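By convention in this document, chain letters (A, B, ...) are assigned in the order of the sequence lines, proteins followed by strands, and residues within each chain are numbered from 1. None of these values were measured; they are calculated from a predicted model.
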Number of protein chains: 2
Amino acid sequence: MIKTEAFSDDLQELAKFAKALSHPARLAILKYLAETKTCISGDITDFIPLSRTTVSQHLKELKEFGLIHGEIDGLKVNYCLCNNNILKHLDVFESFFKTIRATETCYK
Amino acid sequence: MIKTEAFSDDLQELAKFAKALSHPARLAILKYLAETKTCISGDITDFIPLSRTTVSQHLKELKEFGLIHGEIDGLKVNYCLCNNNILKHLDVFESFFKTIRATETCYK
DNA sequence: ATTATATGTCGTATGTTTGCGTCATAAAAC
DNA sequence: GTTTTATGACGCAAACATACGACATATAAT
């Protein structure tokens with residue numbers, strides 16, 4: 001399976017972005033990082049009802065997709081949003097939906 | 001597993017929306033429906049490099065999440081975008097990212 | 001040096017998604 | 001009425017995602 005290669009790069013990138021956002025824990029992490037503007041370490045765990053291991057894994061996924069970035073500071077790791085990258089993805093997202101915004105096809 | 005209940009309804013809804021968009025085939029379907037403004041039946045299959053069964057399944061998922069809507073017309077089914085619903089989700093999406101848009105935390 | 005703390009990695013169990021072939025249904029064409 | 005056509009539903013296999021406990025590493029505190 002995994003036939004994603006058959007689609008255009010645009011759609012694949014957008015789909016990956018959506019996938020990164022497709023779990024409430026990851027959204028909660030992004031939200032938390034956005035709110036506590038200072039970069040906060042992985043004791044994000046205290047704010048999320050999941051085990052430390054699981055949170056760590058979600059952080060890893062967000063990091064791999066470039067939405068966040070962690071900087072080692074002694075024992076702790078300070079995480080923060082990669083705003084540039086996020087904004088870039090949001091632009092692609094919004095231009096994708098521009099066509100849809102302009103349409104009026106459904107009567108339901 | 002499946003600990004999603006532990007998160008706020010907002011985040012869960014947003015995560016579901018993102019999940020609906022997390023496959024290039026589904027994005028391709030939405031795009032196609034947006035472009036061919038008239039509602040087009042399931043021979044969407046011709047525009048997507050997947051089997052008819054698989055496309056039908058993606059259509060079902062989009063339908064279940066309320067992003068599209070299918071109306072039976074004899075043998076065929078005319079699908080179209082549920083713009084209202086999509087716009088509603090886009091609003092939630094954008095208000096979620098408003099905070100992030102306003103932040104400037106990452107130096108990378 | 002030893003202990004405590006913060007974090008990441010590994011392996012594993014279970015659940016979900018993707019993709020497809022085959023069958024069922026139901027309208028339309030003949 | 002039989003055949004063709006457009007769909008959807010069912011069931012299966014492979015791949016992926018989610019969640020976590022146990023172990024590893026590495027800095028800081030004692």
From B:I68, B:L21, B:L33, residue fulfilling side chain to side chain contact (heavy atoms under 4.5 Å, CB included) relative to B:L62: B:I68

Rounded to whole angstrom units, what separation is found between the [atom1] atom of [X] and the [atom2] atom of [N]?
X	N	atom1	atom2	answer
A:D46	C:dT5	CG	C1'	13 Å
A:K19	C:dT17	NZ	C1'	8 Å
A:I72	C:dT7	CD1	P	11 Å
B:I68	D:dT7	CD1	C1'	14 Å
A:H23	D:dA17	NE2	P	12 Å
B:I48	C:dT18	CD1	P	13 Å
A:N78	C:dG8	CG	P	11 Å

State whether the side chain of B:D73 and the backbone N or O of B:N78 hold a donor-acceptor pair below 3.5 Å, judged by distance alone. no

I'd like to know if the side chain of B:Q12 and the backbone of A:P24 have a donor-acceptor N/O pair within less than 3.5 Å. no

Distance-only donor-acceptor test, B:T53 side-chain atoms vs C:dG21 base atoms, 3.5 Å: yes

Nearest 0.5 Å, please: how far is [atom2] in [Y] from [atom1] in [X]?
X	Y	atom1	atom2	answer
B:L67	B:Y79	CG	OH	13.5 Å
A:I86	A:L81	CD1	CG	4.5 Å
A:F7	B:L50	CZ	CG	4.5 Å

Does a side-chain N or O from B:Y79 land closer than 4.0 Å to OP1 or OP2 of D:dG8, or not? yes

I want to confirm an ordering. Mapping A:G74 and A:R26 to their closest nucleotides on DNA chain D, which one lands closer to the 5' end? A:R26

Using heavy atoms and a sub-4.0 Å distance, could you list which residues of residues 54-67 of chain A are near DNA chain D? By number, please. A:T54, A:Q57, A:H58, A:E61

Can you check nucleotides 24-26 of chain D for protein contacts, nitrogen or oxygen pairs under 3.5 Å, and list what you find?
none

To the side chain of B:K76, which of D:dT18, D:dT7, D:dC10 is closest? D:dT7

So if I take every side-chain heavy atom of A:V77 and compare against C:dT7, C:dG21, C:dT18, which nucleotide ends up nearest? C:dT7

By salt bridge (charged side-chain N to carboxylate O under 4.0 Å, His left out), which residues pair with B:D91, not counting sequence neighbours? A:R101

Got more than 12 heavy atoms from elsewhere within 6.0 Å of CG, B:L87? yes

Is the A:F17 ring parallel, tilted or perpendicular to the A:H89 ring (thresholds 30°, 60°)? parallel

